[in-house]
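A short worksheet on the structure shown next.
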Amino acid sequence: MRRIFLAAITIGLLAAATLLSAQTERKITKLTDGVYEIQHAQGGGGNTTVIIGDRQVLVVDTGFLPSAAREDIAQIRQWTNQPVSFILNTHFHNDHNLGNRVYMDAFPAVTVIAQVETKKEMDRFGPGSLMREEKDSYGIRQTVKKMLDSGKTDDGKVLTEDDKKQLKDLLARQAVMIEELKGLKFQSATLTFEHGFSVDLGNREVQLKFLGRGNTPGDAVAYLPKEKILVAGDLVDLPLPNVLDGYPSEWTHTLQRLADLDANTIVPGHGPILHDKSYIYLLRDLLQSAVDQVNEKLRQTAPAMFMTLDDVKSSVDLTPFRQRFAGNDQDLAANFDEVAARLIKLVFDEARLR
Ligand SMILES: [Zn+2]
């Protein structure tokens, strides 16, 4: 099913990250006293991390659907009487910041923090979010309807009853999403930083850092040095990286800096919590392999500006990584192949800019 799903969503760029989440149920994990991670149900957006100090609360990423943000706020109020004083948006993709406005309505004094490049992108893309989501959703719905009418995927695979049910669920979720986003006002960042700073929430220090470009031009992470907790945003996504855009040749170094931080709990932008760094190294190695192979091909032939993607992609083999990401999961293996193809395109596009 995931394969059809992915084919359906390649139409929608920023919506894709939201929908890619394999998580279907909302799930809360206590990381330590006063620090919680919320994995949203499908469509709710990327992970939210709630960091509670003696005086103040900092929330990392506010999700996608306003209803999910409202549910999170109700949950936070059960955990603490302290106000949410700070939000960190790890990057500009709207599955991590459309909830900002809901928080600001609930906590009018809240400061919304982002790396300076992220604020620029939020200002550029945020206000048009609804229009873009409507357009993407329309495309997704048309594709799904076509599949349901013909009973086949666009590459000819016959839909099972389970596939059909999931596609119908997707249609229903899309309709709910568009209805929910109507009337939403976009709230951009109100405080920016370049390299990083530290905030004391009351017996709880949180360091906000920009470690270099990766998934976007302004990826920020939150790090709790005492608790050894790291909130990584979409620099680290499970079960596969989000490579619709980004800077792969710099991303590898950023992941190394991330791994250099002393942490034993790592919250990814999407997916379950990590308890060691092996997945970060795996991601780094995948990106590095794509970068090395594309560059080697260009070194042997001609600069990227004289080449096409087709000239290059047959020389790049990322299949050794398939098993390491997907194990024996066939659907995930098929998704890996699509992600690998997109990654090669992204690396080539990056090389063309040099
Ligand atoms: Zn995301």
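Whatever order the structure lists ligands and atoms in, that order sets their numbers, starting from 1. All residue numbers refer to positions in the sequence shown, counting from 1. This structure is a prediction, so every number in the text was calculated from the model and none was measured.
Within the coordination shell of the Zn ion (ligand 1), defined by N, O or S atoms under 2.8 Å, His96 is present. Residue contact annotation: Asp237 places no N/O/S atom under 2.8 Å from the Zn ion (ligand 1).
For Asp234, the N, O or S atom with the smallest separation from the Zn ion (ligand 1) is OD2.
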Just distance, no hydrogens or angles: give the donor-acceptor pairs under 3.5 Å from side chains in residues 58-68, sequence neighbours left out.
residue : atom : partner : partner atom : Å
Asp61   : OD1  : Thr90   : N            : 2.8
Asp61   : OD1  : Thr90   : OG1          : 3.3
Asp61   : OD2  : Thr90   : OG1          : 2.7
Asp61   : OD2  : His96   : ND1          : 2.9
Thr62   : OG1  : Gly99   : N            : 3.3
Thr62   : OG1  : Asn100  : N            : 3.0
Thr62   : OG1  : Asn100  : OD1          : 2.7
Ser67   : OG   : Glu180  : OE1          : 3.3
Ser67   : OG   : Glu180  : OE2          : 2.5

**Request:** Kindly indicate, with the supporting measurements, whether the criterion salt bridge (Lys or Arg N to Asp or Glu O under 4.0 Å) is fulfilled by Asp72 and Arg26.
**Result:** CA-CA 10 Å; Asp72 294 353; Arg26 188 170 185 270; 2.5 Å; yes
**Prompt:** Should His270 and Asp95 be marked as a side-chain hydrogen bond (donor to acceptor under 3.5 Å, both in side chains) after you check the CA-CA gap, both sets of side-chain angles, and the distance that decides it?
**Reply:** CA-CA 10 Å; His270 297 260; Asp95 56 323; 3.0 Å; yes
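Centred on the Zn ion (ligand 1), the NE2 atom of His270 and the OD2 atom of Asp95 lie at an angle of 80°, reported to 10°.
By the side-chain hydrogen bond (donor to acceptor under 3.5 Å, both in side chains) test, Glu71 is found to be paired with no residue, residues two or more places apart in sequence or in another chain being considered.
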